[in-house]
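These values consider heavy atoms only, across backbone and side chains, with no hydrogens, waters or symmetry-generated copies.
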Amino acid sequence: MKVTLTKTEMLELRRVAGGLGHSRADCSIERTDGLEVDEILLADARKWYLDLLDTGELRQLAPEDISASVLLTTMYDFKGAILTLPDNCRRVFSVTMDNWRCAAPVLPASEYRRVAALQMNPYTAATEETPVAVLSADGKVHAWPGAGKAQSVIAVTDPGPDLYILDDSALPSPQIID
C-alpha cells in the first residue's frame, strides 16, 4: 500500500529501527553538547530513500504517471521522440505513446547504441505493435515510433527532503522480542 511519510514520521521510524526510540514518556534528558543524532538519522534516512528510488524493486516503490510534466520533442528524422523528464524524476519504468498498442519498458542507457542502430533498418525498426524506449546518456528517454504525444510515462520521483512516498513493504517490519 502506498504511504506518504513526513520528515518527522520518517525520523521516528528511523529512531525505532536504530534502537533509539523513546521508551519513557514521563521524563526527558537534555544535553547541549555532543552529536546531533536527529540530523544523522535524517541524513541516513534520506540516503536510504534515494537509494530505494534508484535501485529498489518496483513493488517497493510508488510509481506514478508523470506524462503531464514531460517535454516531448520530435527527433530530426521524425521517426522517434525525445522525452525530457522533470528534474525530480529518479527512474522511469515505461512509456506509452498515443499511437502505440502497448507500453514499452525503458531500457538502460547501455542499450542506446544498439537500439538506435536497429531503428535505421525498416525490418528491425520499432512499430506501433513493438515500440521501444531507451534512456540516453543525457538522462532523456528516446522512443520509437515517435508520432503523437506521451500517453503515459510511469516513473518514480523525489518529492524532496520533507516527504517520503513509497510502498509500505519497503519499510522494515517491527521485530517483537520475547
Side-chain angles (χ1 to χ4, degrees), residues 1-7 9-10 43-173:
M1 178 173 74
K2 178 180 173 180
V3 294
T4 301
L5 302 171
T6 64
K7 187 180 196 178
E9 291 169 329
M10 182 55 90
D44 182 53
R46 179 80 175 143
K47 182 180 177 234
W48 170 84
Y49 181 65
L50 293 177
D51 185 58
L52 177 70
L53 293 180
D54 293 342
T55 63
E57 295 179 37
L58 180 59
R59 66 178 180 80
Q60 296 177 314
L61 305 172
E64 59 185 319
D65 183 3
I66 62 166
S67 59
S69 58
V70 169
L71 176 67
L72 186 96
T73 309
T74 304
M75 287 185 194
Y76 65 91
D77 61 1
F78 301 103
K79 293 181 182 177
I82 300 171
L83 290 79
T84 304
L85 305 169
D87 291 338
N88 67 341
C89 182
R90 296 296 293 199
R91 196 163 74 176
V92 62
F93 294 100
S94 68
V95 172
T96 307
M97 301 293 282
D98 274 341
N99 57 333
W100 293 1
R101 306 269 191 269
C102 60
V106 177
L107 301 171
S110 61
E111 294 287 314
Y112 182 80
R113 284 183 181 240
R114 182 187 66 80
V115 171
L118 290 172
Q119 305 317 305
M120 303 299 174
N121 184 326
Y123 297 106
T124 59
T127 65
E128 287 83 7
E129 290 80 23
T130 59
V132 66
V134 63
L135 198 61
S136 63
D138 61 0
K140 296 178 181 179
V141 174
H142 292 230
W144 293 273
K149 66 176 190 134
Q151 186 177 45
S152 77
V153 179
I154 305 301
V156 288
T157 57
D158 175 20
D162 295 331
L163 284 178
Y164 298 81
I165 303 170
L166 62 152
D167 190 272
D168 61 357
S169 67
L171 296 172
S173 59

Which heavy atom of [X] sits nearest to which heavy atom of [Y], and what is that distance?
X	Y	value
P63	L58	CG-CD1, 3.7 Å
L52	A170	CD2-CB, 3.9 Å
W144	M75	CZ2-CE, 3.4 Å
A126	P131	CB-CA, 4.1 Å
P86	S69	CG-OG, 3.6 Å
R59	S169	O-OG, 3.6 Å

Please collect all ring pair (Phe, Tyr, Trp, His ring centres under 6.0 Å) contacts where either partner lies in residues 145-164, sequence neighbours excluded, each pair once. Y49-Y164
Pairs meeting criterion ring pair (Phe, Tyr, Trp, His ring centres under 6.0 Å) with involvement of residues 86-120, two or more places apart: Y112-H142
Evaluate the side chain to side chain contact (heavy atoms under 4.5 Å, CB included) criterion for residues I165 and K2: first the C-alpha distance (whole Å), next the side-chain angles of each, then the deciding distance (0.1 Å), finally the verdict. CA-CA 7 Å; I165 303 170; K2 178 180 173 180; 3.4 Å; yes
Quick check: are there more than 12 heavy atoms from other residues, nucleotides or ligands sitting under 6.0 Å from CG of D87? no
With rounding to the nearest 0.5 angstrom, report the [atom1] to [atom2] distance, [X] to [Y].
X	Y	atom1	atom2	value
L135	E111	CG	CD	11.5 Å
S136	R113	OG	CZ	12.5 Å
R91	T55	CZ	OG1	6.5 Å
I154	D65	CD1	CG	4.5 Å
D162	R46	CG	CZ	8.5 Å
K140	L72	NZ	CG	11.5 Å

Let me see the working for V134 and R114 under side chain to side chain contact (heavy atoms under 4.5 Å, CB included), right down to the final yes or no. CA-CA 10 Å; V134 63; R114 182 187 66 80; over 6 Å; no
Output yes when a side-chain donor or acceptor of N88 lies under 3.5 Å from a complementary backbone atom of T157, and no otherwise. no
Given side chain to side chain contact (heavy atoms under 4.5 Å, CB included), test V70 with L85 step by step and report yes or no. CA-CA 5 Å; V70 169; L85 305 169; 4.2 Å; yes
Could I get the full list of side chain to side chain donor-acceptor pair (under 3.5 Å) partners for R90, not counting sequence neighbours? D54
Under a 4.0 Å threshold between the charged nitrogen and the carboxylate oxygen, would E128 count as salt-bridged to R101? no
Go through V141 and I82 one step at a time and tell me if the side chain to side chain contact (heavy atoms under 4.5 Å, CB included) criterion holds. CA-CA 6 Å; V141 174; I82 300 171; over 6 Å; no
